Enquirer: 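Handing you this structure, nothing more for now.
On a predicted model such as this, the values are computed, not experimentally measured, just so you know. Numbers restart at 1 for each chain; the letters A, B, ... are given by sequence-line order, proteins then strands.
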Amino acid sequence: MAAAALRRCLTRRQSIPRVSPLLPLTRLISDSTDPITIETSLPFKPHLIDPPSRSTTTTAAELASFFRTMLLMRRFEIAADSLYKSKLIRGFCHLYDGQEAVAVGMESSLTRRDAIITAYRDHCLYLARGGDPVSAFAELMGRKAGCARGKGGSMHFYKRDANFFGGHGIVGAQVPLGCGVAFAQRYRKEGTVTFDLYGDGAANQGQLFEALNMAALWKLPVVLVCENNHYGMGTAEWKASKSPAYYKRGDYVPGLKVDGMDVLAVKQACKFAKDHVLANGPIILEMDTYRYHGHSMSDPGSTYRTRDEIAGIRQERDPIERVRKLLLAHDFATAQELKDLEKEIRKEVDAAIAKAKESPMPDPSELFTNVYVNDCGLESFGVDRKVVRTVLP
Amino acid sequence: MLGVARRRLGSGTVLGQLMQTLRPAAAPRTYSAAAKEITVREALNSALDEEMSADPSVFLMGEEVGEYQGAYKISKGLLDKYGPDRVLDTPITEAGFTGIGVGAAYHGLRPIVEFMTFNFSMQAIDHIINSAAKSNYMSAGQISVPIVFRGPNGAAAGVGAQHSQCYAAWYAHVPGLKVLTPYSAEDARGLLKAAIRDPDPVVFLENELLYGESFPVSAEALDSSFCLPIGKAKIERQGKDVTITAFSKMVGYALQAADILAKEGISAEVINLRSIRPLDRAAINASVRKTNRLVTVEEGFPQHGVGAEICMAVVEDSFEYLDAPVERIAGADVPMPYAANLERMAVPQVEDIVRAAKRACYRAVPMAATA
């Protein structure tokens with residue numbers, strides 16, 4: 001017992017910089033890679049399948065990196081809220097705070113050769129796939145340094161080199177698209193999978209069932225992930241869905257309901273799902289999660305749910321707090337170290353915003369770029385074609 | 001199955017077309033040693049075959065494209081040759097399979113999505129426009145969509161209102177799409193091969209009534225490397241008195257009209273547009289600057305149609321060259337009726353094109369007394 005404690009003490013004091021799969025980590029927080037076993041908070045609820053074990057394996061280093069990444073995502077979204085209120089972000093802005101465990105747990109079970117596609121609540125998926133906060137803030141503010149050079153906006157973040165396929169504004173459209181990405185992966189015999197994310201609102205879309213049918217027929221390596229935050233815009237799940245048991249909605253397709261606020265449960269389920277779909281075709285994962293913000297920045301989020309409910313989730317199920325407790329309980333970090341880390345993340349986010357603000361708006365000529373891949377001399381027109389008429393670059 | 005039966009009954013001329021395909025494929029006529037004739041169907045089939053052979057990332061998906069050999073037999077033989085991984089029979093779920101096709105294109109494959117007719121593409125139009133056309137722009141070039149959406153467009157014969165609409169104007173409206181409308185067998189081969197090779201989403205509007213028509217094709221057009229440029233119209237017939245623009249089936253009608261007009265001393269220049277987006281404004285304007293008169297012909301509904309765009313393109317660039325108002329011949333502004341006489345009134349006929357050309361040439365029978 002004492003020897004173990006001593007060993008833990010010694011490993012904890014290492015300060016060798018370590019690059020985690022998600023973010024660099026240079027702290028006195030333990031970076032030990034000794035495996036430990038942690039039970040998920042809740043059992044998995046299965047549909048037509050034997051669920052994975054509740055015992056998950058992790059390490060201090062992994063937990064610390066989960067903590068750091070979720071914290072970055074949390075601060076990012078809160079900063080985006082501020083920027084929107086200062087009118088630096090325009091149009092739509094859909095925030096993910098509360099749902100971080102899904103993005104982080106999922107990413108930890110995948111390689112960058114696997115693909116992810118989601119709808120418009122996409123900032124944190126972009127960050128999870130290695131997207132840099134500067135380019136994300138710049139895109140939100142419509143600047144040149146944005147990940148889509150300012151041409152996409154909040155709902156259209158992409159990172160092709162990390163197989164992150166966006167960023168889609170039409171509810172449910174991403175589901176068949178993700179099945180198509182999986183189709184290509186199978187066609188090319190890549191041995192990779194696609195995680196195809198949608199919400200409880202999109203879960204009723206007809207095209208989802210059309211795509212799922214084909215995915216099952218053709219055994220596509222696609223995991224449909226329903227991020228059930230219980231409200232489709234302002235409509236509670238039980239008001240929109242005759243059956244809100246989204247993990248069962250696949251009928252002949254197996255499913256699993258997962259505590260989406262428990263990053264280790266998410267990681268376990270996603271690993272399980274990846275192995276399953278490579279052998280058997282599609283599966284549905286329902287992540288029971290929650291968003292603290294309203295549907296978008298135009299929605300206070302309190303007309304259709306109570307402040308008590310929101311505060312209750314924050315108190316009882318916050319994904320970051322859960323990992324904090326684990327880190328403290330296992331003595332992988334002190335409370336002060338974690339607080340210092342939070343300060344560091346805040347600084348990092350502020351610095352990213354400052355850098356993003358320096359980036360200029362796109363050059364007017366960008367109006368006409370990327371309309372086609374093969375433009376070759378095609379004409380295009382501005383509002384007044386006697387004034388603005390161009391040959392596409 | 002029921003859906004297929006429903007649509008089969010709707011295509012009343014399939015049997016007629018089938019009869020024509022029963023003769024051996026590529027049977028050359030003997031009147032000219034150089035001129036070989038093939039049908040549009042054969043042209044499309046050979047284009048698909050060659051492009052699938054040349055590039056393993058090209059695959060075909062759609063209803064009945066495989067085992068059934070294609071609802072209109074365009075994909076005949078392809079399943080046997082390339083197997084079920086590359087020729088996919090889909091369920092009757094356009095929104096789903098079009099989305100899957102676009103997603104496959106996101107990840108670098110080159111899908112050809114067949115719509116049994118473009119009327120059914122409306123079920124999938126969100127994917128064509130929002131998922132395919134706009135992606136390269138929204139992603140600043142990260143996500144390109146090298147996909148072809150093809151199938152019969154416009155009126156067939158007696159298929160009624162829901163199976164007869166022309167979508168050229170709808171799709172050509174959207175930046176990010178390319179919209180092609182072949183007429184002859186050479187067009188069909190060259191444009192389909194170009195569409196499949198093109199890295200952008202292409203809407204390829206065929207015509208069911210043209211599938212069985214034969215056209216002479218050059219040896220060059222039969223070569224597997226043959227490609228036509230996208231965005232270039234073809235002057236089918238040179239003329240000096242009036243320009244007639246047309247696409248798809250209407251090109252044939254315009255040529256017939258030109259023959260009739262020639263007998264009355266009017267030399268009509270017939271432009272086969274081949275490409276609705278991008279529209280070959282340069283060719284149209286050059287022709288109008290020569291003839292000074294223009295008749296636009298299309299099968300689809302008139303309001304906000306292709307002819308309206310062509311008229312504006314000419315007014316903007318060549319107004320001073322016009323000696324007469326631009327004339328427009330289009331389908332009637334009504335849903336397509338079934339009765340044969342009403343249907344005939346709803347679709348342009350050769351005499352309509354002749355009449356409009358004469359009006360443009362101030363040779364029409366006066367409607368009111370003139371001085």
Side-chain angles (χ1 to χ4, degrees), chain A residues 115 117 146-153 155-161 163 165-170 173-188 194 205-215 217-218 220 366 369-380 385-386, chain B residues 56-57 59 61 84-86 88 90-109 111 123-124 126-127 129-146 175-178 197-201 229-231 277-279 281-282 316-317:
Chain A
I117 192 169
C147 47
R149 301 208 305 272
K151 309 246 284 193
M155 298 184 288
H156 305 295
F157 281 21
Y158 304 85
K159 199 173 196 310
R160 184 65 183 87
D161 59 10
N163 288 307
F165 289 92
H168 294 270
I170 307 297
Q174 77 278 16
V175 178
L177 294 173
C179 293
V181 175
F183 178 92
Q185 291 172 320
R186 195 203 60 154
Y187 189 99
R188 290 222 184 86
T194 299
Q205 278 262 315
Q207 59 185 318
L208 186 155
F209 296 97
E210 294 188 12
L212 191 60
N213 175 48
M214 284 179 271
L217 272 173
W218 300 335
L220 302 184
E366 280 273 24
T369 58
N370 305 122
V371 179
Y372 298 103
V373 173
N374 187 11
D375 297 63
C376 61
L378 302 177
E379 271 191 312
S380 186
R385 64 179 65 193
K386 304 281 178 164
Chain B
S57 68
F59 71 97
M61 65 192 299
D85 283 348
R86 293 185 68 194
L88 283 106
T90 63
I92 309 173
T93 51
E94 277 78 3
F97 71 68
T98 305
I100 286 178
V102 175
Y106 280 4
H107 200 32
L109 293 184
Q123 304 217 307
D126 178 62
H127 281 298
I129 297 183
N130 280 322
S131 305
K134 299 177 183 172
S135 283
N136 197 59
Y137 190 84
M138 290 193 294
S139 68
Q142 280 187 75
I143 310 281
S144 68
V145 193
L177 286 181
K178 294 176 180 171
R197 295 180 196 185
D198 196 277
D200 293 306
I230 290 178
R277 187 175 184 104
L279 196 58
R281 294 185 175 84
E316 280 165 349
D317 282 349

Enquirer: Identify the heavy atoms of A/Asn374 and B/Lys178 that sit nearest to each other, and give their distance.
Expert: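 Closest approach of A/Asn374 to B/Lys178, heavy atoms only: O-NZ, 3.0 Å.
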
Enquirer: Could you grab the distance from atom OG of B/Ser139 to atom NZ of A/Lys159, nearest 0.5 Å is fine?
Expert: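 Going from the OG atom of B/Ser139 to the NZ atom of A/Lys159 covers 13.5 Å.
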
Enquirer: Of the non-hydrogen atoms in A/Ile170 and B/Asn130, which two are nearest, and what is the gap between them?
Expert: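 Closest pair (atom of A/Ile170, atom of B/Asn130, distance): CD1-ND2, 3.5 Å.
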
Enquirer: Kindly determine whether B/Thr90 and A/Trp218 satisfy side chain to side chain contact (heavy atoms under 4.5 Å, CB included), including the steps that lead there.
Expert: CA-CA 10 Å; B/Thr90 63; A/Trp218 300 335; 3.9 Å; yes

Enquirer: Please tabulate, one pair per line, all N/O donor-acceptor pairs under 3.5 Å involving side-chain atoms of residues 178-185 of chain A, not counting sequence neighbours.
Expert:
| from | atom 1 | to | atom 2 | distance (Å) |
| --- | --- | --- | --- | --- |
| A/Gln185 | OE1 | A/Thr194 | N | 3.2 |
| A/Gln185 | OE1 | A/Thr194 | OG1 | 2.7 |
| A/Gln185 | NE2 | A/Thr192 | OG1 | 3.1 |
| A/Gln185 | NE2 | A/Val193 | O | 3.1 |

Enquirer: Quick one: closest heavy-atom pair of A/Met214 and B/Gly96, and the distance?
Expert: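 For A/Met214 and B/Gly96, the tightest heavy-atom pair comes out as CE-C, 3.4 Å.
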
Enquirer: Would you say that B/His127 contacts A/Pro176 through its side chain, given a criterion of any heavy-atom pair below 4.5 Å between the two side chains?
Expert: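 Of all side-chain heavy-atom pairs linking A/Pro176 with B/His127, at least one is under 4.5 Å.
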
Enquirer: Applying salt bridge (Lys or Arg N to Asp or Glu O under 4.0 Å), can you list everything that pairs with B/Asp85, at least two apart in sequence or on another chain?
Expert: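 Checked B/Asp85 against salt bridge (Lys or Arg N to Asp or Glu O under 4.0 Å); zero matches.
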
Enquirer: Sort B/Asp198 into side chain, backbone, both or neither according to what part of it lies under 4.5 angstrom from a heavy atom of chain A.
Expert: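 Just the side chain, heavy atoms under 4.5 Å.
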
Enquirer: What part of B/Pro201 gets within 4.5 angstrom of chain A, counting heavy atoms only: side chain, backbone, both, or neither?
Expert: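 For B/Pro201, neither part sits under 4.5 Å from chain A.
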
Enquirer: Please determine, among B/Ala282, B/Ala124, B/Gly176, B/Gly141, the option with the most heavy-atom pairs under 4.5 Å with chain A.
Expert: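 That would be B/Gly176.
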
Enquirer: Let me know if B/Pro175 has heavy atoms under 4.5 Å from chain A in its side chain, its backbone, both or neither.
Expert: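 Backbone plus side chain of B/Pro175, per the 4.5 Å heavy-atom cut-off to chain A.
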
Enquirer: Between B/Tyr137 and A/Lys151, does a side chain to side chain contact (heavy atoms under 4.5 Å, CB included) hold up when you go through it step by step?
Expert: CA-CA 7 Å; B/Tyr137 190 84; A/Lys151 309 246 284 193; 3.2 Å; yes

Enquirer: Over all heavy atoms of both residues, which pair between A/Val373 and B/Asn136 is shortest? Give the atoms and the distance, please.
Expert: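 Minimum heavy-atom contact is CG2-OD1, 3.6 Å.
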
Enquirer: Side chain, backbone, both or neither: which part of B/Ile143 has a non-hydrogen atom closer than 4.5 Å to chain A?
Expert: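 For B/Ile143, side-chain heavy atoms alone lie under 4.5 Å from chain A.
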
Enquirer: What's the shortest heavy-atom distance between A/Arg160 and B/His107, and which atoms?
Expert: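 Looking at all heavy atoms of both residues, the closest pair is NH2-ND1, 3.4 Å.
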
Enquirer: So for B/Arg277, is it side chain, backbone, both, or neither that comes closer than 4.5 Å to the heavy atoms of chain A?
Expert: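 When you check distances to chain A, only side chain atoms of B/Arg277 fall under 4.5 Å.
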
Enquirer: Under 4.5 Å, counting heavy-atom pairs only, tell me which of A/Met155, A/Glu379, A/Lys386 racks up the most with chain B.
Expert: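 Ranked by heavy-atom pairs under 4.5 Å with chain B, first place is A/Lys386.
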
Enquirer: Measure the shortest side-chain to side-chain distance between B/Leu109 and A/Arg188 over non-hydrogen atoms and say whether it is less than 4.5 angstrom.
Expert: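 A side-chain contact exists here, since the closest heavy-atom pair is under 4.5 Å.
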
Enquirer: Would you call the rings of A/His168 and B/Tyr106 parallel, tilted or perpendicular, taking 30° and 60° as the class edges?
Expert: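 Parallel: the ring planes of A/His168 and B/Tyr106 meet at under 30°.
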
Enquirer: With a 4.5 angstrom heavy-atom cut-off, could you sort out which part of B/Leu177 is near chain A: side chain, backbone, both or neither?
Expert: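 Backbone only.
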
